Trainee: 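Take a look at this one; I'll ask things after.
Note that the coordinates shown come from a computational prediction; the quantities given were computed from them, not determined experimentally. Order of the sequence lines sets the chain letters (A, B, ...), proteins ahead of strands, with each chain counted from 1.
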There are 2 protein chains.
Amino acid sequence: MAKKAKKETDLSTEEKIKAAARLVFTKKGYAATRTRDIAEAAGINLALLNYYFRSKEKLFELIMMEKAASLFGTIIPILNDTTLSLEQKITEVSQKYTAFLLENPGLPLFIMSEVGMNPNQFVNKLPIGKALESHFIKQLQERRPDLHPVSFMMNLLGLTVFPFIIKPVLMTAGAFNEKAFSTRIEERIALIPKWMNAMLKSK
Amino acid sequence: MAKKAKKETDLSTEEKIKAAARLVFTKKGYAATRTRDIAEAAGINLALLNYYFRSKEKLFELIMMEKAASLFGTIIPILNDTTLSLEQKITEVSQKYTAFLLENPGLPLFIMSEVGMNPNQFVNKLPIGKALESHFIKQLQERRPDLHPVSFMMNLLGLTVFPFIIKPVLMTAGAFNEKAFSTRIEERIALIPKWMNAMLKSK
DNA sequence: GTCTATAACCTGATAGAC
DNA sequence: GTCTATCAGGTTATAGAC
């Protein structure tokens with residue numbers, strides 16, 4: 001019960017601003033986002049944003065860290081679950097991660113590009129070490145000592161995430177609409193484990 | 001000989017600005033780039049930028065289209081080369097595309113994120129249709145009528161491009177340095193065709 | 001806590017001298 | 001073609017009333 005007692009009827013002003021910030025930042029990126037956009041989307045006044053979060057940058061860092069934590073929090077527990085076999089981990093990651101991406105389609109691109117523009121701002125605070133020293137990595141090294149485990153993990157993540165990264169390009173080009181994209185993604189949930197297993201066995 | 005006759009001793013002012021713009025836009029993105037940054041990087045005055053290119057947006061569109069054209073120009077000719085088998089195309093694409101990416105490491109992330117933020121600005125001018133109706137797609141449909149060819153093409157591109165997309169994250173996190181990254185990429189040039197063949201055969 | 005008004009600053013673009 | 005100086009507009013952040 002560490003939370004402050006508060007009426008739970010509606011979103012607090014603070015939460016309304018955060019929700020709006022998530023939306024606008026993710027859509028337009030840090031630099032192109034104006035604090036006025038966030039205030040308007042939140043239905044509050046510009047001054048309140050600074051009252052609650054001090055500055056645009058502070059608010060961005062908060063949103064960024066929350067988003068990144070949820071992104072990594074989705075897969076790292078699976079990678080470190082010692083009760084799962086290598087094949088089970090691959091299946092679990094592609095399933096859970098895809099489910100997460102369907103609800104946050106623009107997130108990977110957002111995080112990657114913001115990190116790329118301003119590297120050691122956030123990255124050092126992320127639990128990436130946990131992924132690189134995970135049980136999944138150890139299982140890979142045992143199974144295929146001839147391959148670099150990080151390279152293999154990039155394959156799994158790449159197959160899962162990449163469709164969401166080129167989605168804007170392919171959709172604008174008319175390659176598919178929202179419905180067809182969902183169908184492809186649903187197919188891939190079953191296919192990615194098969195593909196990964198085929199890679200695991202390939203010599 | 002359509003080019004204008006001109007002294008070829010040094011870069012023209014126009015080219016110096018374009019070179020600087022490529023650098024700064026690719027690194028910081030459109031919104032975070034200030035025309036002053038470009039002018040400074042080019043070693044010229046701010047006013048000259050507008051003299052040659054009228055506006056920041058016009059200059060950006062120019063750079064963007066050139067970059068995108070080179071990106072797509074690298075793979076589309078291979079995809080449409082009717083003398084190559086499916087396996088040969090896969091090998092060629094991963095080789096040529098990787099070589100291109102090694103010289104333009106930040107390019108995919110840049111293009112994807114700028115497109116994502118401002119969709120139908122550039123995408124319609126890109127030769128994406130050429131890739132989607134390519135000979136490569138037809139070969140895939142013949143070989144594996146049970147799979148969606150675009151989904152399969154995303155696998156090839158994802159395996160090739162994704163390491164460059166997460167490179168900033170993994171490098172900042174200390175997963176590897178520039179040299180180790182190059183080693184991984186070199187390995188993958190030989191591995192990606194094997195992995196893709198394994199996927200092609202997997203049932 | 002929430003608002004309006006405004007300060008302080010930054011950025012793209014141009015005018016005009018050379 | 002190239003420069004300096006400056007304008008016009010927009011943006012973050014704060015002061016101060018309620």
Trainee: Can you measure A:Tyr51 atom OH to D:dA15 atom P for me and round it to whole angstrom units?
Mentor: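 Computing the A:Tyr51:OH to D:dA15:P distance gives 14 Å.
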Trainee: Would you say D:dC3 has OP1 or OP2 under 4.0 Å from some side-chain N or O of B:Asn45?
Mentor: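 No, no such contact exists.
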Trainee: Nearest-Å distance, CG (A:Leu48) to P (D:dT14)?
Mentor: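 Roughly 14 Å, once rounded to whole Å.
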Trainee: Atom CG of A:Asn50 and atom P of D:dT11: how far apart are they, to the nearest Å?
Mentor: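 Rounded to whole Å, this separation is 15 Å.
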Trainee: Please pick, from D:dC3, C:dC3, C:dT2, the nucleotide with the shortest atom-to-atom distance to any side-chain atom of B:Ala47.
Mentor: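 It is D:dC3.
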Trainee: Hey, are A:Asn155 and B:Arg188 close enough side-chain-wise for a donor-acceptor pair under 3.5 Å?
Mentor: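 Indeed, the side chains of B:Arg188 and A:Asn155 share at least one donor-acceptor pair under 3.5 Å.
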Trainee: A:Arg34 has an atom CZ; how far is it from atom P of D:dG9, in whole Å?
Mentor: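 So the two atoms are 16 Å apart, to the nearest Å.
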Trainee: May I have the distance from B:Tyr30 (atom OH) to C:dG12 (atom P), rounded to whole angstrom?
Mentor: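 It works out to 8 Å between those atoms.
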Trainee: Report the distance from atom CD of A:Glu40 to atom P of C:dT4, rounded to the nearest whole Å.
Mentor: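 For the pair A:Glu40 CD and C:dT4 P, the rounded distance is 13 Å.
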Trainee: Touch check for A:Leu46, heavy atoms < 4.0 angstrom, all strands: base, sugar-phosphate only, or nothing?
Mentor: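 It contacts base atoms.
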Trainee: So, B:Glu187 and B:Arg184, do they make that salt bridge, N to O below 4.0 Å?
Mentor: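 Salt bridge between B:Glu187 and B:Arg184, a charged N being under 4.0 Å from a carboxylate O: yes.
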Trainee: Less than 6.0 angstrom from the centroid, inside 45 degrees of the normal: does B:Lys56 satisfy that with respect to the ring of B:Tyr30?
Mentor: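 Yes, a cation-pi geometry.
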Trainee: Over how many whole Å does the gap from A:Lys56 atom NZ to C:dC9 atom P extend?
Mentor: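 It works out to 18 Å between those atoms.
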Trainee: I want to verify a distance call: between C:dG12, D:dG1, D:dA15, whose nearest atom is closest to the B:Tyr52 side chain?
Mentor: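 Out of C:dG12, D:dG1, D:dA15, the nucleotide with an atom closest to B:Tyr52's side chain is D:dG1.
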Trainee: Verify whether the ring centers belonging to B:Phe53 and B:Phe60 lie closer than 6.0 Å.
Mentor: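 Aromatic pair excluded; centres sit 6.0 Å or further apart.
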Trainee: Tell me whether the OP1 or OP2 atom of C:dG12 has a side-chain N or O from B:Thr35 closer than 4.0 Å.
Mentor: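 Yes, within the criterion.
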Trainee: Nearest whole Å is fine: how far is C:dG1 P from A:Ile17 CD1?
Mentor: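 Checked: the CD1 to P distance equals 11 Å.
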Trainee: Whether A:Lys18 and A:Glu15 form a salt bridge (side-chain N of Lys/Arg under 4.0 Å from carboxylate O of Asp/Glu) is what I want to check.
Mentor: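 So A:Glu15 pairs with A:Lys18 through a salt bridge.
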Trainee: Give B:Arg36 one of three labels, base, sugar-phosphate or nothing, depending on what nucleic acid heavy atoms sit under 4.0 Å from its own.
Mentor: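 Answer is base: heavy atoms of B:Arg36 come under 4.0 Å of a base.
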